[in-house]
Engineer: 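Dropping the structure in here first, questions after.
Atoms considered below: every heavy atom in the structure, side chains included; atoms not considered: hydrogens, waters and symmetry mates.
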Amino acid sequence: MEPRIENISEKKLVGHSLNMSLAADKTPLLWGSFMPKRKEIKNAISTDLMSVQVVDPFYFKELNPTKEFQKWAAVEVTDFNTVPEGMSTFTLPAGLYAVFIHKGPASTGAKTFQYIFENWLPQSAYAWDPRPHFELLGEKYKNNNPDSEEEIWIPVKAKHIV
C-alpha cells in the first residue's frame, strides 16, 4: 500500500468537535450530532466529509488508549463568514501529507493505521509531523460496507539523515 504525497494549502473547516480517547470513543455521538445539521453549512466546497484528529506531539510515541485527543466531524468551506449556530470553525494547517486509500469497512481502519505507523512510516523517507491527520470521506465512502473507500491523510515531513 503505497501512498501519494501531497502538499496542501491551509483549509477552513466548519463542524462539530468532541474530546475523546480510543478507549472512550465518542465517534458515533460526534457524527450523530453533525450529520443532521451539515446541510446548514451553505459555503461548503464539496459534499466530502472530513474526520479530523488533533493529537499532541507525543501521542504516537506514547500510545495510550485512554489519552484524549480532539476529533472533528466537518466539511471544508470557502470562508468563515457564515457559520451555522452550534457549529465551530477549525483551520487545518498547510503542509505535506502521505495519502493512503483504506478499502473496506470503517471498523477495519485500525489495521490500516497500524500498517502506516508500524511498517510504512519507519521504512519511508518521511517522519510523522505532529499536525492534525484526517480522513476524507468522499463519494466512495459507505461507512461499514465492505466496498467502502476513504482517504487517510497522515502529516509527514522529510526525515533528517544524520
Engineer: Under a 4.5 Å cut-off applied to non-hydrogen side-chain atoms, are V156 and L121 in contact?
Structural biologist: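 The answer is yes; the side chains approach within 4.5 Å.
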Engineer: Taking the six-membered ring for Trp, are F100 and W120 ring centroids under 6.0 Å apart?
Structural biologist: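 Under 6.0 Å, so yes.
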Engineer: Looking at CE of M20 and OG1 of T66, how far apart are the two atoms once the value is rounded to the nearest 0.5 Å?
Structural biologist: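 It is 14.5 Å, given to the nearest 0.5 Å.
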Engineer: Can you tell me how far apart CG (L18) and NZ (K71) are? Round to the nearest 0.5 Å.
Structural biologist: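 Answer for the CG-NZ pair, L18 versus K71, is 10.0 Å.
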Engineer: Evaluate side chain to side chain donor-acceptor pair (under 3.5 Å) for K12 paired with T78, printing each intermediate quantity in order.
Structural biologist: CA-CA 7 Å; K12 291 175 173 48; T78 55; over 6 Å; no
Engineer: Tell me yes or no: between the side chains of N81 and N43, is some donor less than 3.5 Å from an acceptor?
Structural biologist: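 No donor-acceptor contact under 3.5 Å links the two side chains.
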Engineer: Quick one: CH2 on W153 to OG on S51, what's the gap to the nearest 0.5 Å?
Structural biologist: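 Reported to 0.5 Å precision, the distance equals 14.5 Å.
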Engineer: Determine the minimum heavy-atom distance between M87 and K37, stating which atoms define it.
Structural biologist: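 Of all heavy-atom pairs spanning M87 and K37, the closest is CE-O, 3.3 Å.
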Engineer: Measuring only between side-chain heavy atoms, which start at C-beta, is Y141 closer than 4.5 Å to L136?
Structural biologist: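 SC-SC contact between Y141 and L136 ruled out.
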Engineer: Search all heavy atoms of Q123 against all heavy atoms of K159 and return the closest pair with its distance.
Structural biologist: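 Closest approach of Q123 to K159, heavy atoms only: N-NZ, 4.3 Å.
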Engineer: Are E6 and R4 close enough for a salt bridge, meaning some N to O gap below 4.0 Å?
Structural biologist: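 Looking at E6 and R4, the cut-off is met.
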Engineer: Is it true that a side-chain atom of K11 and a backbone atom of I8 form a donor plus acceptor pair closer than 3.5 Å?
Structural biologist: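 Not at all, since once roles are kept as given, no pair shorter than 3.5 Å links the two residues.
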Engineer: Return the minimal non-hydrogen interatomic distance between V83 and S88, and the atom names on each side.
Structural biologist: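 In terms of heavy atoms, the two residues are closest at CG1-N, 4.5 Å.
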Engineer: Quick check: do V99 and I152 have side-chain heavy atoms less than 4.5 Å from each other?
Structural biologist: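 Answer no - side chains too far apart.
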Engineer: Thinking salt bridges, do K140 and D147 make one under a 4.0 Å N-O criterion?
Structural biologist: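 No, K140 and D147 are not salt-bridged.
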Engineer: If you apply the rule side chain to side chain contact (heavy atoms under 4.5 Å, CB included), what do you find for H133 with F113, and how did you get there?
Structural biologist: CA-CA 11 Å; H133 64 276; F113 278 99; 3.9 Å; yes
Engineer: A74 and W31: which non-hydrogen atoms are nearest, and at how many Å?
Structural biologist: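 Closest approach of A74 to W31, heavy atoms only: N-CH2, 4.2 Å.
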Engineer: Going through the distances and angles, do W128 and V55 end up as a side chain to side chain contact (heavy atoms under 4.5 Å, CB included)?
Structural biologist: CA-CA 12 Å; W128 178 66; V55 300; 3.7 Å; yes
Engineer: Out of curiosity, S124 OG to N119 CG, how far, rounded to the nearest 0.5 Å?
Structural biologist: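 CG of N119 is found 11.0 Å from OG of S124.
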Engineer: Assess the residue pair E68 and N19 against the criterion (side chain to side chain contact (heavy atoms under 4.5 Å, CB included)); give the C-alpha distance rounded to whole Å, side-chain angles, the decisive distance to 0.1 Å, and a yes or no.
Structural biologist: CA-CA 6 Å; E68 285 201 342; N19 288 337; 3.7 Å; yes
Engineer: Looking at every non-hydrogen atom in both residues, tell me the closest pair between E139 and D48 and how far apart they are.
Structural biologist: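 It is N-OD1, 4.2 Å.
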Engineer: Do you know which of V75, L49, N143, T47 makes side chain to side chain contact (heavy atoms under 4.5 Å, CB included) with L137?
Structural biologist: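 Going through V75, L49, N143, T47 one by one, the side chain to side chain contact (heavy atoms under 4.5 Å, CB included) with L137 is satisfied by L49 alone.
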Engineer: Look up atom CG in L30 and atom CE in M35, then write down how far apart they are to the nearest 0.5 Å.
Structural biologist: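 Reported value, rounded in 0.5 Å steps: 11.0 Å.
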Engineer: Evaluate the criterion side chain to side chain contact (heavy atoms under 4.5 Å, CB included) for residue pair D129 and I154; output intermediate values, then yes/no.
Structural biologist: CA-CA 8 Å; D129 189 3; I154 303 296; over 6 Å; no
Engineer: Do you know which two heavy atoms are closest between F134 and Q53, and how far apart they sit?
Structural biologist: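 Distance-wise, the nearest heavy atoms are CA-NE2, 4.1 Å.
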